[in-house]
Peer 1: 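Just passing along the structure, written as structure tokens.
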Amino acid sequence: MERDFFAAVYDVVRLVPHGRVTSYGAIAKFLGSGRSARAVGYAMNASHGVTPAVPAHRVVNRNGVLSGKHHFGSENAMADRLRAEGISVVDDTVHHFRDVFWDPECLLQQPSP
DNA sequence: ATGCTGACGTCGC
DNA sequence: CGCGACGCCAGCA
């Protein structure tokens, strides 16, 4: 287990498949504490400049809203990136969120080949 | 050193 | 069904 909560968050976010998104709560729950969703958001705030790069744009709140789009330099940077991956984003909200949503727990279900 | 704030979510009333 | 409070972690004044 990563002793650094932030490091664990980055690791999970980097595992998010291309064209998929996840939520703060899902990551928090995966890490063990379902109530540490907040901490996950703080981790993303510090994810700037972290290597390897962390696809923070694939992380949205449980409503599928790009709550952190203000931290991407440009207001449309986050939405634009998601669209580039084939994700429909309208009004700062991910459409078909349920469909493109990726749960880290999926790793536990998917047996490593 | 202490307190507040900030990319959220769940539980309680 | 709507609103409030708590929990979580780190950075900064």
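Naming: A, B, ... by sequence-line order, numbering from 1 per chain.
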Peer 1: What residues form a side-chain contact (heavy atoms from CB on, under 4.5 Å) with A:Asn63, not counting sequence neighbours?
Peer 2: A:Asn61, A:Val65
Peer 1: Which pairs, with at least one residue in residues 20-32 of chain A and sequence neighbours excluded, count as a salt bridge (Lys or Arg N to Asp or Glu O under 4.0 Å)?
Peer 2: none
Peer 1: Among residues two or more places apart or on two chains, list those pairs meeting salt bridge (Lys or Arg N to Asp or Glu O under 4.0 Å) that have a residue in residues 32-41 of chain A.
Peer 2: none
Peer 1: Quantified in whole Å, what is the P atom distance between nucleotide C:dC6 and nucleotide B:dG3?
Peer 2: 16 Å
Peer 1: Does anything in residues 55-71 of chain A come within less than 4.0 Å of DNA chain B? Heavy atoms only, and list the residues if so.
Peer 2: A:Ala56, A:Asn61, A:Arg62, A:Ser67, A:Gly68, A:His71
Peer 1: Would you please name every residue forming a side-chain contact (heavy atoms from CB on, under 4.5 Å) with A:His95, sequence neighbours left out?
Peer 2: A:Ser88, A:Val90
Peer 1: Run A:Thr22 and A:Phe101 through side chain to side chain contact (heavy atoms under 4.5 Å, CB included) and show every step you take.
Peer 2: CA-CA 5 Å; A:Thr22 189; A:Phe101 177 75; 4.1 Å; yes
Peer 1: Taking ring pair (Phe, Tyr, Trp, His ring centres under 6.0 Å) as the definition, give me every residue that meets it alongside A:Phe6, ordered by chain and number, with sequence neighbours left out.
Peer 2: none
Peer 1: Answer yes or no: is there a side-chain heavy-atom contact under 4.5 Å between A:Leu15 and A:Pro104?
Peer 2: no
Peer 1: When the P atoms of C:dC1 and B:dC8 are compared, how many Å lie between them, rounded to an integer?
Peer 2: 25 Å
Peer 1: Sequence neighbours excluded, which residues qualify as side-chain contact (heavy atoms from CB on, under 4.5 Å) partners of A:Glu75?
Peer 2: A:Lys69, A:His70
Peer 1: Please list each protein N or O that sits under 3.5 Å from an N or O in nucleotides 7-10 of chain C, with the distance.
Peer 2:
{"residue": "C:dG7", "atom": "O6", "partner": "A:Arg38", "partner atom": "NH1", "Å": "2.7"}
{"residue": "C:dG7", "atom": "N2", "partner": "A:Arg35", "partner atom": "O", "Å": "3.1"}
{"residue": "C:dG7", "atom": "N3", "partner": "A:Arg35", "partner atom": "O", "Å": "3.3"}

Peer 1: Can you tell me how far P in C:dA5 sits from the matching atom in B:dC4, rounded to whole Å?
Peer 2: 15 Å
Peer 1: By side-chain contact (heavy atoms from CB on, under 4.5 Å), which residues pair with A:Ala28, not counting sequence neighbours?
Peer 2: A:Ser36, A:Ala37, A:Val40
Peer 1: What are the residues of residues 73-103 of chain A, sorted by number, that bring a heavy atom to within less than 4.0 Å of DNA chain B?
Peer 2: none
Peer 1: Side-chain atoms of residues 49-59 of chain A: list all donor-acceptor pairs with protein atoms under 3.5 Å, sequence neighbours left out, distances to 0.1 Å.
Peer 2:
{"residue": "A:His57", "atom": "NE2", "partner": "A:Glu85", "partner atom": "OE2", "Å": "3.1"}
{"residue": "A:Arg58", "atom": "NE", "partner": "A:Glu85", "partner atom": "OE1", "Å": "3.1"}
{"residue": "A:Arg58", "atom": "NE", "partner": "A:Glu85", "partner atom": "OE2", "Å": "3.2"}
{"residue": "A:Arg58", "atom": "NH1", "partner": "A:Val16", "partner atom": "O", "Å": "2.9"}
{"residue": "A:Arg58", "atom": "NH2", "partner": "A:Glu85", "partner atom": "OE2", "Å": "2.9"}

